[in-house]
Q: 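Got a structure here, written out as structure tokens. Questions coming.
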Amino acid sequence: MENNYTKLRFKEIISVAIKHGFKNGIGNPKELRVVLEELGPTFIKIGQILSTRPDILPKEYIIELEKLQDSVKPEDFSVMKKIIEANLKRSISDVFLDFETTPLASASLAEVYLARLKTGEKIVLKVQRPFVREKILADINILKRLSPFIKFTTKNEVLDVKEVIEEIKIATERELDFLNEKENIKKFSSNNKDIKYIKGIVVYEKYCTSNMIVMEFIGGVKIDNISTLLAEGYDTSEIAKKLTYNYFKQVFEDGFFHADPHPGNILIHNNKIGFVDFGLMGCLDLGIKKKFNSFLEGVATNNIDLMTSSILSIGIKKHEVDINKLYQDINLIYNTYIEESIYRYDLAQILEEVIVVCKKNNILMPKDVILLAKGILTLQGVLAKIDKDLNIMDIALPYFKNKIIEDKLKDYDLTLLGNKIFSAGKASLDLPLKLSQIIDRGLQGRLKLNLQFKNSDENLNEINKMVNRIIFSVIVAGLLVSSSLVINANVGLKIYGISAIGIVGYLGAGLAGFLLLISILKSGKL
């Protein structure tokens, strides 16, 4: 199957690419989307993975790839039944009281079914389609083989196709292992178990495999279905605030957040917010979380130095970084927003612009930071739909300021804080005495300055050259003036009625001036 599939697929990929004008390289975002759609479900999934990576692709490609619809024709249930029972290691009727054979959703990687356990719990079962793993990995391997011949040129740069394909492969392999998603659901539910307005999901682990997940069914209304929410008596403004606070908690406290919070993945039921689809999650370890909090402190306090140093500590330097240029680029972003109230800052836009600036300055941001920027951008779109009057910074700014104070206090125990206060107080008391000593030594002529000069020999040589040129210039000027006086006086030996001494003086001054000019030109410092 694999060899036949690879041969046929190879020809199909090349044929579709040439048909859409990709013979000389990929350059048009819309055409790229059309090609991916025509090549079918696995390539649609590849496009969707790329749409979450603004560090790889420019904005115009991201926007176009976000339009890819992951909805495909369901498989015949007789085929899916065999797969489900192979994963359960028993028949469907042995485990489930009811099982709806028409899937709730049918995507490129998996189908989702609604069922009821023998114990009465309503569940959803997410199972991979037949041969999906083999097909998508075969497609990626074909792309690897084609990579030396693929040119991917955007407006500003030529992308490293091999690097892009490798990133796709890593993300796909992770998404194909449903045990990762199972662990994500468990961790997310544990992190939010004390948040009354967040719905945790129960996972039935004994039925889960790397190809299938069985979890609690969450009903409810999609968060952007405003008319239904209002009809059921919900306050959409309150929902928006709770959602934002919880998302900041996920990011800046838990360091584990839902990276794709679009309206289809957030449901409202029984006064609770329920997140679904945990295939794409972001994870910030303690070190990155602290550094990112420092960056946000810089944003909140307009401290460009802190923003720059935080970016340098978070990012991975691919080549030499010009820190001054990085500072100027960040300062330019700041100046774009300086006229606006901080409450009107577009946080998602700032993060997106910072990622672009990092890329230009040879700094690669970690994948999870990219996912965070993408997540906040998506969240901002959701908030705009459910509460037009709410700006994300209305909640973000006080949250960040409180978090900054908490984190700084958390870093100190009382003993350390007491020692620092004592040291600062002692230094303040010693200052007048030290200042008095400096003044006394100055009056007595005993004050010494210990200065260190770097590259002093080199600097002294430059000064010597400069002084020599000035002296040489004075001599030339002197020769010109004295020769003019001699010629005017018309004394001494004459040549054609002109004083010979004056002529010699002019010639000497001209030669000396010419040598001086050559010396300056050779030094490259005119």
Side-chain angles (χ1 to χ4, degrees), residues 5 9 33-53 62 64-84 86-87 99-115 123-140 168-182 184-185 201 203 207-220 222-224 258-267 274-281 371 374-375 378:
Y5 176 84
R9 195 62 164 154
R33 176 178 61 79
V34 172
V35 167
L36 295 175
E37 286 174 336
E38 192 166 329
L39 287 171
T42 60
F43 271 78
I44 287 172
K45 175 50 66 178
I46 286 169
Q48 289 174 332
I49 290 168
L50 284 173
S51 74
T52 67
R53 299 298 301 273
I62 298 295
E64 197 62 42
L65 294 180
E66 283 174 342
K67 297 175 185 176
L68 288 167
Q69 296 299 310
D70 193 12
S71 180
V72 296
K73 186 181 176 182
E75 285 284 344
D76 189 283
F77 183 69
S78 61
V79 175
M80 296 305 295
K81 183 182 178 184
K82 288 178 184 177
I83 296 171
I84 293 166
N87 280 278
F99 196 102
E100 293 187 13
T101 57
T102 303
L104 281 175
S106 181
S108 54
L109 293 189
E111 293 190 354
V112 179
Y113 294 91
L114 184 62
I123 62 97
V124 288
L125 184 147
K126 181 177 177 181
V127 61
Q128 280 183 23
R129 298 166 72 92
F131 302 113
V132 70
R133 180 186 295 272
E134 294 83 356
K135 285 179 181 178
I136 196 166
L137 291 178
D139 283 350
I140 290 170
I168 291 170
K169 186 180 180 185
I170 292 166
T172 305
E173 285 177 339
R174 185 167 182 80
E175 198 163 336
L176 283 166
D177 187 354
F178 283 1
L179 291 177
N180 286 323
E181 186 169 351
K182 180 202 76 172
N184 289 342
I185 296 168
I201 299 177
V203 178
Y207 303 123
C208 295
T209 68
S210 61
N211 300 315
M212 188 172 80
I213 304 176
V214 177
M215 63 194 122
E216 178 186 4
F217 170 73
I218 295 181
K222 280 172 63 176
I223 197 167
D224 64 342
H258 199 295
D260 194 19
H262 68 72
N265 285 340
I266 307 173
L267 302 171
F275 285 87
V276 296
D277 192 350
F278 293 86
L280 190 63
M281 301 294 289
L371 288 177
K374 178 77 175 172
T378 306

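Heavy atoms only: backbone and side chains are in, while hydrogens, waters and symmetry mates are out.
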Q: In Å, rounded to the nearest 0.5 Å, how long is the span from CG of Asn180 to CE of Met281?
A: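 Output value for this atom pair is 12.0 Å.
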Q: So which heavy atom on Leu36 is nearest to which on Gly47, and how close?
A: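 Smallest heavy-atom distance, with atoms named: CD1-CA, 3.7 Å.
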Q: Name the orientation class of the two ring planes belonging to Tyr113 and Phe77 (parallel below 30°, tilted from 30 to 60°, perpendicular beyond 60°).
A: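 Geometry flag for Phe77 against Tyr113: perpendicular rings.
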Q: Calculate, to the nearest 0.5 Å, the distance between atoms CG and CG belonging to Asn211 and Leu179 respectively.
A: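 Here the interatomic distance stands at 8.5 Å.
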Q: What is the minimum heavy-atom distance between Gly279 and Asn184, and which atoms define it?
A: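 Scanning both residues completely, I find the closest heavy atoms to be O-ND2, 4.5 Å.
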Q: Determine whether Ile136 and Leu109 satisfy the following criterion, side-chain contact (heavy atoms from CB on, under 4.5 Å), listing intermediate values before the conclusion.
A: CA-CA 9 Å; Ile136 196 166; Leu109 293 189; 4.2 Å; yes
Q: Could you give the distance from CD (Glu173) to CZ (Arg133), rounded to the nearest 0.5 Å?
A: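 Those atoms lie 8.5 Å apart.
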Q: Roughly how far, to the nearest 0.5 Å, is CD1 of Ile168 from CD1 of Ile140?
A: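 The distance works out to 6.5 Å.
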Q: Would Arg129 and Ser108 satisfy side-chain hydrogen bond (donor to acceptor under 3.5 Å, both in side chains), going step by step from the backbone distance to the final call?
A: CA-CA 8 Å; Arg129 298 166 72 92; Ser108 54; over 6 Å; no
Q: Contact between Gln128 and Ile83 at the side-chain level, heavy atoms closer than 4.5 Å - yes or no?
A: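 When only atoms from C-beta onward are counted, Ile83 and Gln128 do not touch, as no gap falls below 4.5 Å.
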Q: Please find the pair of heavy atoms, one from Asp177 and one from Ser210, that lie closest to each other, and give the distance.
A: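 The answer is OD1-CB, 3.5 Å.
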Q: With a 4.5 Å limit on heavy-atom distance, are the side chains of Pro261 and Ile266 in contact?
A: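 Answer yes - side chains close enough.
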Q: How far does CD of Glu111 sit from CD1 of Ile84, to the nearest 0.5 angstrom?
A: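 Here the rounded value is 8.5 Å.
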Q: Got Tyr207 and Ile123 here, is their nearest side-chain heavy-atom distance under 4.5 Å?
A: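 Counting from C-beta outward, Tyr207 and Ile123 never come under 4.5 Å.
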Q: Rounded to the nearest 0.5 Å, what separation is found between the CG atom of Leu65 and the CZ atom of Arg33?
A: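 One finds 9.0 Å between CG of Leu65 and CZ of Arg33.
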Q: Is there a donor-acceptor pair under 3.5 Å between the side chain of Asp260 and the backbone N or O of Leu280?
A: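 No.
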Q: Looking at every non-hydrogen atom in both residues, tell me the closest pair between Ile201 and Phe275 and how far apart they are.
A: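 Minimum heavy-atom contact is CD1-O, 3.3 Å.
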Q: State, to 0.1 Å, how close Ile213 and Lys182 come at their nearest heavy-atom pair, and which atoms those are.
A: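 Scanning both residues, the minimum pair turns out to be CD1-N, 4.1 Å.
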Q: Please examine the side chains of Lys374 and Ile62, heavy atoms only from C-beta on, and report whether any two atoms are closer than 4.5 Å.
A: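 With C-beta onward as the side chain, the pair touches.
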Q: Is the shortest side-chain heavy-atom distance between Leu39 and Arg9 below 4.5 Å?
A: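 SC-SC contact between Leu39 and Arg9 confirmed.
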Q: Distance-only, no hydrogens or angles: does the His258 side chain make a donor-acceptor pair with backbone N or O of Asp277 under 3.5 Å?
A: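 Side chain of His258 to backbone of Asp277, a donor-acceptor pair under 3.5 Å: yes, one is there.
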Q: With heavy-atom distances below 4.5 Å as the criterion, would you say the side chains of Ser51 and Glu64 are in contact?
A: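 In short, these two side chains do not touch, never coming nearer than 4.5 Å.
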Q: Can you give me the closest heavy-atom contact between Pro263 and Ile223, atom names plus distance?
A: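 Heavy atoms only, the tightest pair is CA-CG2, 3.8 Å.
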Q: Quick one, Val112 and Pro103 - any side-chain contact, counting heavy atoms below 4.5 Å?
A: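 No, their side chains stay 4.5 Å or more apart.
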Q: Answer whether the closest heavy-atom distance between the side chains of Val132 and Lys45 falls below 4.5 Å.
A: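 Contact flag for Val132/Lys45 side chains = no.
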Q: Could you work out, with side-chain hydrogen bond (donor to acceptor under 3.5 Å, both in side chains) as the rule, every residue matching Glu181, not counting sequence neighbours?
A: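 With sequence neighbours excluded, Glu181 shows a side-chain hydrogen bond (donor to acceptor under 3.5 Å, both in side chains) to Lys126, given in chain and number order.
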